[in-house]
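Values below: every heavy atom of this structure, side chains too, minus hydrogens, waters and symmetry copies.
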Amino acid sequence: MNENVFQEAYTRVRQRRAAAVAEVEAHRDEIYRSIPEIAEIDRSIVRTSMRIYELAQQGRLDQERDRIMRENLDAQHLCRRLLVKNGYPEDYLDLHYTCEKCDDTGYLNNSYCDCLKKEIARIGIQRMQQRAHLELHDFDTFSLSYYRGIVTDDGRDCEKVMRQILDRCTAYARTFSLESPSMLFFGPTGVGKTHLSLAIAKAVLEKGYSVIYDSIIDLLGDVEREHFGRAKDETDTLSLLLTADLLIMDDLGTEFDTSFNVSTVYNIINTRLNRRLPTIISTNFGYEEIRDRYAARIVSRLFAGYECSEFVGNDIRLLKRLEEH
Ligand SMILES: Nc1ncnc2c1ncn2[C@@H]1O[C@H](COP(=O)(O)OP(=O)(O)O)[C@@H](O)[C@H]1O
Ligand SMILES: [Mg+2]
Ligand SMILES: [Zn+2]
C-alpha cells in the first residue's frame with residue numbers, strides 16, 4: 001500500500017465533505033430566492049452571533065445566554081416550519097455528511113476514521129486487482145491435466161494430490177467467512193500456488209470481504225518504509241495487514257533475512273492468529289527449509305495454526321512454454 005493509495009482515499013473523503021457543503025450552499029441560494037423570510041431569519045441569526053461575541057467581550061454573556069439561545073432555537077424552528085410550508089423537506093438547509101462519525105474529515109480522535117480506512121482498502125484492492133491480473137487466475141482456468149502422469153519421488157500421484165488441493169481451495173473460497181482457517185501452501189516453483197491464491201482472493205473479494213494480496217517482499221517493503229519515516233497522514237500498511245478479512249502473503253522466504261523482517265513476519269502471523277483472522281501464506285520452501293530459515297516460534301505457529309497443503313508437480317510455466325512451440 002503506497003502513499004498514493006492513501007492520498008487518493010483521503011481526497012475522496014474530503015471531496016464528500018466539500019460536496020456536502022456545496023450542496024447546502026446551493027440550497028441556501030435557492031431558498032433565499034423562493035422564501036425571503038428565511039434569508040431575513042438567517043441574517044438575524046448572524047446578528048445574534050455578533051451580539052454574543054460583544055457580550056462575551058463585556059463579560060455579560062452569562063445573564064443573557066439563555067434568552068439568546070432560546071431566540072436562536074425559535075428562529076431555527078421557524079425556518080423549518082417555513083420550509084415545510086413551502087413544500088421543502090425540513091432539513092433542506094442542514095449539512096448531510098456521508099460519514100456522520102467524522103463529518104467526512106477522515107479523522108476521529110486523531111486517528112483514521114473507519115470511512116477512510118474502508119476507502120483505503122477499497123482502492124488498495126482495485127490496485128491489487130490491476131496488478132495481479134486477477135482475470136487470468138481463477139478456478140476455471142486451473143487445469144489438472146498438467147499434473148497427469150507425474151509421480152512424486154515418494155510415489156504419490158500428482159494429479160490426485162492436486163485434485164484434493166483444488167477441491168479444498170474451491171470449498172474454502174465458496175464457504176469463506178471470518179471463521180475460516182489459515183492455510184500454508186508450500187512446494188516447488190510453478191505448480192500453481194500463486195494461481196490458486198489469486199483464485200481464492202478473487203472469489204472472496206466478490207463476496208464483499210476485504211482482501212490484501214501481495215508478495216511478501218512488497219508488503220514488508222511498504223511496512224519498513226513507513227516504519228522508518230512515516231508522514232503523519234500516510235497509510236498505515238501494517239495495521240491494514242493486521243486487520244484485513246483475508247491476508248494473502250505470497251513467496252514467503254524470498255524476503256531479506258533482516259531482524260526487522262523476521263519480527264514483522266512474526267508479528268503478522270501471531271497477531272492474526274490471535275485475532276482468528278484467516279491468512280494464506282505460500283512459499284517455495286519445503287518443510288525443512290522453513291524450519292531452518294525461521295525461528296522456532298514462527299515455525300511452530302505456522303505448522304500448528306495453519307492447514308498445510310503441499311503442492312506437487314512439474315513447473316507449469318515451463319510446460320506451457322513447451323506447449324507453445
Ligand atoms: N493447474 C494449472 N492450470 C493452468 N495454469 C496453471 C496451473 N498452475 C499454474 N498455472 C500457471 O503457471 C504459471 C505458474 O504458476 P504459479 O501459480 O505462479 O506457480 P507458483 O506460485 O507455485 O510458483 C502461472 O502463469 C499460472 O497461471
Ligand atoms: Mg508463486
Ligand atoms: Zn468517517
Side-chain angles (χ1 to χ4, degrees), residues 1-3 5-6 117 120-121 124-125 127-128 131-132 169 172 176 178-189 191-198 200-201 204 209-230 234-311:
M1 208 74 46
N2 54 37
E3 194 177 348
V5 173
F6 176 83
K117 284 192 206 155
I120 291 170
I125 286 163
R127 297 278 170 92
M128 178 204 97
R131 206 167 14 157
C169 289
Y172 186 90
F176 182 85
L178 294 180
E179 276 79 53
S180 291
S182 292
M183 298 201 288
L184 177 66
F185 296 165
F186 62 105
T189 307
V191 292
K193 299 181 299 297
T194 295
H195 191 120
L196 285 183
S197 300
L198 287 170
I200 292 172
V204 172
Y209 290 99
S210 65
V211 179
I212 295 179
Y213 165 91
D214 216 331
S215 74
I216 192 147
I217 293 184
D218 288 345
L219 291 174
L220 289 174
D222 286 347
V223 174
E224 186 170 15
R225 249 191 318 283
E226 291 167 18
H227 181 79
F228 294 108
R230 190 150 78 87
E234 216 178 306
T235 319
D236 187 355
T237 300
L238 183 59
S239 80
L240 293 174
L241 298 184
L242 296 178
T243 56
D245 297 336
L246 175 61
L247 170 66
I248 304 180
M249 294 199 290
D250 208 349
D251 285 328
L252 180 82
T254 54
E255 76 280 9
F256 283 117
D257 198 2
T258 63
S259 63
F260 181 86
N261 284 347
V262 171
S263 67
T264 306
V265 168
Y266 177 72
N267 181 12
I268 293 170
I269 291 173
N270 195 44
T271 305
R272 292 186 60 91
L273 276 176
N274 288 342
R275 294 182 179 172
R276 299 182 182 283
L277 284 171
T279 309
I280 297 176
I281 294 179
S282 73
T283 176
N284 290 338
F285 282 1
Y287 173 73
E288 269 99 36
E289 284 165 299
I290 296 176
R291 201 194 45 200
D292 294 345
R293 164 77 186 257
Y294 292 97
R297 55 187 187 146
I298 295 187
V299 177
S300 65
R301 292 307 250 156
L302 276 180
F303 287 104
Y306 283 53
E307 287 184 0
C308 299
S309 297
E310 185 191 2
F311 284 55

Kindly give the heavy-atom pair with the smallest separation between [X] and [Y], and that separation in Å.
{"X": "P181", "Y": "P278", "answer": "O-CB, 3.7 Å"}
{"X": "G305", "Y": "S182", "answer": "O-CB, 4.3 Å"}
{"X": "L242", "Y": "R275", "answer": "O-NH1, 3.1 Å"}

Would L238 and T264 count as a side chain to side chain contact (heavy atoms under 4.5 Å, CB included) here? Give the steps. CA-CA 9 Å; L238 183 59; T264 306; 4.3 Å; yes
Heavy-atom check, side chain of [X] versus side chain of [Y], under 4.5 Å:
{"X": "I298", "Y": "I290", "answer": "no"}
{"X": "T283", "Y": "D251", "answer": "no"}
{"X": "P188", "Y": "V191", "answer": "yes"}
{"X": "F185", "Y": "C169", "answer": "yes"}
{"X": "I212", "Y": "I248", "answer": "no"}
{"X": "Y172", "Y": "L246", "answer": "yes"}
{"X": "T279", "Y": "Y306", "answer": "yes"}

Could you give all pairs that pass the ring pair (Phe, Tyr, Trp, His ring centres under 6.0 Å) test and reach residues 275-297, with sequence neighbours left out? Y287-F303
Is the backbone of [Y] close enough, under 3.5 Å, to the side chain of [X] for a donor and an acceptor to pair up by distance?
{"X": "K193", "Y": "F186", "value": "no"}
{"X": "E289", "Y": "G286", "value": "yes"}
{"X": "R276", "Y": "E179", "value": "no"}
{"X": "R291", "Y": "V299", "value": "no"}

Rounded to the nearest 0.5 Å, how far does [atom2] of [Y] lie from [atom1] of [X]?
{"X": "L302", "Y": "L184", "atom1": "CG", "atom2": "CG", "answer": "5.5 Å"}
{"X": "L241", "Y": "T271", "atom1": "CG", "atom2": "OG1", "answer": "10.5 Å"}
{"X": "M183", "Y": "S282", "atom1": "CE", "atom2": "OG", "answer": "10.5 Å"}
{"X": "L247", "Y": "L277", "atom1": "CG", "atom2": "CG", "answer": "9.5 Å"}
{"X": "R297", "Y": "N270", "atom1": "CZ", "atom2": "CG", "answer": "8.5 Å"}
{"X": "F260", "Y": "N267", "atom1": "CZ", "atom2": "CG", "answer": "9.5 Å"}

Please name all residues satisfying side chain to side chain contact (heavy atoms under 4.5 Å, CB included) with I216, sequence neighbours left out, ordered by chain then number. L220, M249, L252, T254, E255, V265
Taking atom types as modelled and ignoring hydrogens, do the side chains of D250 and T194 form a donor-acceptor contact shorter than 3.5 angstrom? yes
Scan side-chain atoms only and decide if N274 and R301 contain a donor-acceptor pair under the 3.5 Å cut-off. yes
Can you classify the ring geometry of Y209 versus F176 as parallel (below 30°), tilted (30 to 60°) or perpendicular (above 60°)? perpendicular
